[in-house]
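Along the sequence shown, residues carry numbers from 1. Nothing here was measured: the structure is a model prediction, and the numbers come from that model.
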Amino acid sequence: MNLRTAARGFVALLLSVPALQGNPNWAVTYPSSNICALRGSTFDIRCNYKYPYANTVEKKWWFTNKHNKPVDLRDDTDYTGRVKYSCVEHSCIWPSSSCTGTCTLRIKNLTQSDSAEYKFRITTNKGGKYSGAPGVKLSVTDLQVKVVIPPSSPNRVRLECHSMCHRTGYVTYIWYRDGTQPNHGRLDWFDINSEYRSSCAVRGSELLPSPSVFAPETPSVGWTPPGVIKEGSSVNLTCSSEANPVAKYTWTKVPTDHSPGHSVQGQQLSFHPIQSSDSGQYLCTAKNDLGTKTSSPISIDVKYAPKTPSVSVRPPGEIKEGGSVTLSCSSDANPAADYTWFREHGGSVEELGENYTISNITTELGGNYYCEARNAVGLKNSTLMFLNVAATPSSLPTTVAAGTVAVLLATILFLIFLWMRRKRASRKARGQGGRPDTRQESPPCPVYDNVSALTNRSASAAQREPIEEQDDPHYASIHISRSKNQEVAGGFAGSLVESDHTEQVLYSAINLKRPKAVPDDSKLMSELYTTIKYMSQKMHYF
């Protein structure tokens, strides 16, 4: 049986309706008013026509109801190369005063868009026009494979072959699996997740099988718009899989230690706007009644500008001058950020990197620092971090050291002045006939370690000697600011006062008095030399 014969076998002749009522000399009739045909097949529509004897037919043509006015199918672009007319003019019948004929329309390679109402029309040399209405309604359909899931067989489904054109009568079906013929009959079985494809056909029309049914193929995934994904933009993830019946899609984000997984139903997944937390791997699962298939993971790498950097300092707290300090900066960014350090009101320190180390730091380098984190997407500055650098004794200003020397020199001059005064007093006593030569020499004034010892010693001496023999006390002091305690020796009844809180040293020449017996010059000079030498040695500290 050839294709033409098979296709004609599917034409259902349901009803023959006369197309003309009234004038018996004009008529168009169709053997059937409804025709069902399979997609891809070829079918014929035939009509009988009649017209008055005295007329000559000039044109015979078919048209559809698709357009606002009749258009010859031979001139309709939807049917180009697919239509053919076969018309036969019969002899006129006398004395009926009418002529008769037949015309057949053939359409090849039917498509579902060919479903329409078809009519035949004739025109004569005398201006007569006649169309047969109603026409023939054509329905183009496919064989359909219906999937039935039996509750008793969760791993298998039942396939049933259906056709709108074969509701009555006995029809034999043939089943195909990837082109082979494993079974005959209306039913077939399909194993879940099998990779073969099943289709059916009607015996006699094996070249017109149904569309194949099959489980989803491995889905392909992607995103739009293509290119780099930046935080704040809109991104659509797309998933597609060849499947019949049409698959349903589910998106899943692969869980990680930092982000839990989750699902969105649908073939397209949209994160608006996308955030840095949306980075990760995603899977698309396609599922229909015949099986399930999951895609390979797709990686979404969201690029974003640096977050606000965090800064720290090691060691923390106050920094001693001359020491070393390291500033650290870190920021969450993708791609990784580059770092530049700045000093407030001082511009860039031209130091690149997360860590900035300052060795042998000085007080001039104290102040507020901040870092800038920058990548291809953007930049962000950290908050200010204050660096407190404390001075050490070795870094006292030059003016302080110079002032200390000046004070010490003034003290030396003051001691010399006292020595000269005692010298003059001694000469005066000898001139008045005193007893300086016969009096026993007093020992030189002791050097005391502290003020209290000096005070107690002076008080005891005052109690033993008559008040009128004591001279007025003389005072001199040296006030030196320092960063830590430093002992300074006393000379000529000097004293050392220490304070841990104010970090100052007070040197005092207190209660200098004229001794009862004036020592000779050599002893006095020796005492003065010893004091100056000791103070000079202590000056080396600065």
Side-chain angles (χ1 to χ4, degrees), residues 112 142 144-149 153-159 176-179 189-199 209-307 331-337 375-378:
Q112 290 185 337
D142 271 327
Q144 298 292 329
V145 177
K146 182 179 180 181
V147 179
V148 180
I149 304 176
S153 301
N155 297 324
R156 302 180 70 195
V157 295
R158 187 173 70 243
L159 304 181
Y176 297 91
R177 289 186 181 179
D178 292 337
W189 292 91
F190 187 95
D191 295 326
I192 294 295
N193 288 325
S194 296
E195 296 184 356
Y196 58 81
R197 301 186 177 198
S198 293
S199 62
S210 70
S212 298
V213 293
F214 51 96
E217 302 286 347
T218 300
S220 60
V221 292
W223 69 81
T224 57
V228 176
I229 301 175
K230 293 184 179 180
E231 187 175 41
S233 62
S234 296
V235 176
N236 295 321
L237 301 183
T238 58
C239 180
S240 61
S241 172
E242 187 179 1
N244 189 27
V246 176
K248 295 181 179 179
Y249 299 90
T250 303
W251 282 96
T252 304
K253 184 179 181 182
V254 179
T256 63
D257 295 338
H258 307 286
S259 175
H262 56 83
S263 301
V264 178
Q265 298 289 338
Q267 187 173 5
Q268 189 176 80
L269 178 64
S270 302
F271 295 108
H272 298 288
I274 195 169
Q275 301 176 355
S276 59
S277 58
D278 294 324
S279 294
Q281 291 189 324
Y282 291 80
L283 300 173
C284 173
T285 300
K287 181 179 181 181
N288 66 8
D289 292 336
L290 303 179
T292 303
K293 210 75 167 182
T294 300
S295 70
S296 299
I298 179 174
S299 295
I300 298 299
D301 186 20
V302 180
K303 307 295 185 182
Y304 53 95
K307 308 299 183 183
S331 173
D332 179 23
N334 187 22
N375 65 7
V377 184

task = May I have all residue pairs that pass salt bridge (Lys or Arg N to Asp or Glu O under 4.0 Å) and include part of residues 280-295, sequence neighbours excluded?
result =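 Qualifying pairs, neighbours excluded: none.
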Under the side-chain hydrogen bond (donor to acceptor under 3.5 Å, both in side chains) test, which residues partner [X], sequence neighbours left out?
X: Arg158; answer: Glu160
X: Gln144; answer: none
X: Asp301; answer: Lys303, Asn334
X: Ser234; answer: His272

List for me each residue that meets side chain to side chain contact (heavy atoms under 4.5 Å, CB included) alongside [X], sequence neighbours excluded, and say none if there are none.
X: Pro273; value: none
X: Ser296; value: none
X: Ala337; value: Pro306, Ala333, Tyr339, Ala373
X: Ser212; value: Arg197, Ser199, Phe214

request  = Apply the test side chain to side chain contact (heavy atoms under 4.5 Å, CB included) to residues Asp191 and Asn155: give CA-CA distance (whole Å), side-chain angles for both, the deciding distance (0.1 Å), then the verdict.
outcome  = CA-CA 6 Å; Asp191 295 326; Asn155 297 324; over 6 Å; no
Residues 218-230 side chain polar contacts: donor-acceptor under 3.5 Å, at least two apart:
residue, atom, partner, partner atom, Å
Ser220, OG, Ser240, OG, 3.0
Trp223, NE1, Gly227, O, 3.4

Compare all side-chain heavy atoms of [X] with those of [Y] and state whether any distance is below 4.5 angstrom.
X: Ser241; Y: Tyr249; value: yes
X: Asp142; Y: Gln112; value: yes
X: Val302; Y: Val235; value: no

ask   = Would you say Ser270's side chain and Asn236's backbone share a donor-acceptor pair under 3.5 angstrom?
value =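 Absent.
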message = For the backbone of Ser276 and the side chain of Glu231, can you confirm whether one donor and one acceptor N or O come within less than 3.5 Å of each other?
response =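 Yes, the answer is positive, given that a donor and an acceptor are paired below the 3.5 Å cut-off.
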inquiry  = Val213 vs Leu290, test: side chain to side chain contact (heavy atoms under 4.5 Å, CB included). Steps then yes/no.
reply    = CA-CA 8 Å; Val213 293; Leu290 303 179; 3.9 Å; yes
Quick check: closest heavy atoms across [X] and [Y], and the distance to 0.1 Å?
X: Pro245; Y: Asn288; value: O-ND2, 2.9 Å
X: Ala215; Y: Phe190; value: N-CZ, 4.4 Å
X: Ser210; Y: Val145; value: OG-CG2, 3.3 Å

Measuring from [X]:[atom1] to [Y]:[atom2], what's the distance to the nearest 0.5 Å?
X: Trp189; Y: Arg156; atom1: CH2; atom2: CZ; result: 6.0 Å
X: Cys239; Y: Leu237; atom1: SG; atom2: CG; result: 9.5 Å
X: Ile300; Y: Ser279; atom1: CD1; atom2: OG; result: 8.5 Å

Candidate pair Leu283 and Trp251, rule side chain to side chain contact (heavy atoms under 4.5 Å, CB included), full reasoning = CA-CA 6 Å; Leu283 300 173; Trp251 282 96; over 6 Å; no
ask   = Between the side chains of Thr285 and Thr250, does any donor sit under 3.5 Å from an acceptor?
value =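 There is no such pair (donor and acceptor under 3.5 Å, judged by atom type) between the side chains of Thr285 and Thr250.
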inquiry  = Looking at Lys307, I'd like to know if its NZ atom is crowded, meaning that more than 12 non-hydrogen atoms belonging to other residues, nucleotides or ligands lie closer than 6.0 Å.
reply    =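 Count over threshold, so yes.
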request  = Decide yes or no on side-chain hydrogen bond (donor to acceptor under 3.5 Å, both in side chains) for Asn375 and Tyr304, but give the supporting numbers first.
outcome  = CA-CA 9 Å; Asn375 65 7; Tyr304 53 95; over 6 Å; no
key: Partners meeting salt bridge (charged side-chain N to carboxylate O under 4.0 Å, His left out) with Asp178 (sequence neighbours left out)   =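 So Asp178 forms no salt bridge (charged side-chain N to carboxylate O under 4.0 Å, His left out) with any residue.
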message = Taking salt bridge (charged side-chain N to carboxylate O under 4.0 Å, His left out) as the definition, give me every residue that meets it alongside Lys248, ordered by chain and number, with sequence neighbours left out.
response =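 Salt bridge (charged side-chain N to carboxylate O under 4.0 Å, His left out) list for Lys248, sorted by chain: empty.
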request  = Before giving the answer on side chain to side chain contact (heavy atoms under 4.5 Å, CB included), spell out for Tyr196 and Ser198 the whole-Å C-alpha distance, their side-chain angles and the decisive distance to 0.1 Å.
outcome  = CA-CA 7 Å; Tyr196 58 81; Ser198 293; 3.5 Å; yes
